[in-house]
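Report on the following structure.
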Amino acid sequence: MDAYRLYKISRKLYLKGFRRLANLITKFNNVLHNSYIPHTADIGENTKFAYGGIGVVLHKNWFITKRCT
């Protein structure tokens, strides 16, 4: 499981109102992949991060459009 997939899980939980669980998965992602992709960031579909998102650091209010590489 790469960092982007964990982000997608935490984002879905965040949007459904499970904020604590989303925060826990974000922190787990930080420890496991050494990346910070917060569940509050809005990342479009089909976005790809090199190397599965290892070492990626994004701001919590970040917006990435669809199909960004």
Side-chain angles (χ1 to χ4, degrees):
M1 175 131 337
D2 61 4
Y4 181 63
R5 290 179 199 246
L6 283 174
Y7 156 78
K8 287 172 50 174
I9 292 169
S10 66
R11 178 71 178 174
K12 286 180 184 179
L13 289 169
Y14 172 73
L15 293 176
K16 289 186 179 189
F18 298 103
R19 299 182 196 284
R20 288 187 184 189
L21 187 56
N23 192 23
L24 181 67
I25 292 173
T26 299
K27 288 181 182 182
F28 177 71
N29 195 9
N30 187 1
V31 171
L32 186 65
H33 296 290
N34 196 27
S35 62
Y36 182 67
I37 306 173
H39 52 270
T40 56
D42 190 9
I43 300 175
E45 297 178 20
N46 298 325
T47 298
K48 296 179 184 178
F49 290 106
Y51 306 108
I54 295 174
V56 172
V57 177
L58 298 177
H59 189 269
K60 65 180 182 175
N61 297 327
W62 197 257
F63 174 73
I64 299 176
T65 60
K66 295 179 182 179
R67 296 181 304 266
C68 184
T69 303

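A quick note: this is a predicted structure, and the numbers were derived from the prediction, not measured.
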What are the two closest non-hydrogen atoms of [X] and [Y], and how far apart are they?
{"X": "Ser10", "Y": "Ala22", "answer": "O-CB, 3.3 Å"}
{"X": "His39", "Y": "Thr26", "answer": "ND1-OG1, 2.9 Å"}
{"X": "His59", "Y": "Ala41", "answer": "O-CB, 4.0 Å"}

Working to the nearest 0.5 Å, report the span between CD of Glu45 and OG1 of Thr47. 8.5 Å

Spacing of CG belonging to Leu13 relative to CG belonging to Asn23, to within rounding of 0.5 Å: 11.5 Å

Got a donor-acceptor contact below 3.5 angstrom from the Asn29 side chain to the Ala3 backbone? yes

Cluster partners of Phe49, using ILVMFWY side-chain heavy atoms under 4.5 angstrom, listed by chain and number? Tyr4, Tyr7, Ile37, Ile43, Val56, Leu58, Trp62, Ile64

Using a 4.5 Å cut-off between side-chain heavy atoms of Ile, Leu, Val, Met, Phe, Trp and Tyr, which other residues end up in the same hydrophobic cluster as Tyr14? Leu15

Can you name the salt bridge (charged side-chain N to carboxylate O under 4.0 Å, His left out) partners of Arg19, sequence neighbours left out? none

Treat each ILVMFWY residue as a node, draw an edge where side-chain heavy atoms are under 4.5 Å apart, and state whether Leu21 and Phe28 are in one component. yes

Would you say Ile25 and Tyr36 are hydrophobically clustered, going by side-chain heavy atoms of ILVMFWY under 4.5 Å? no

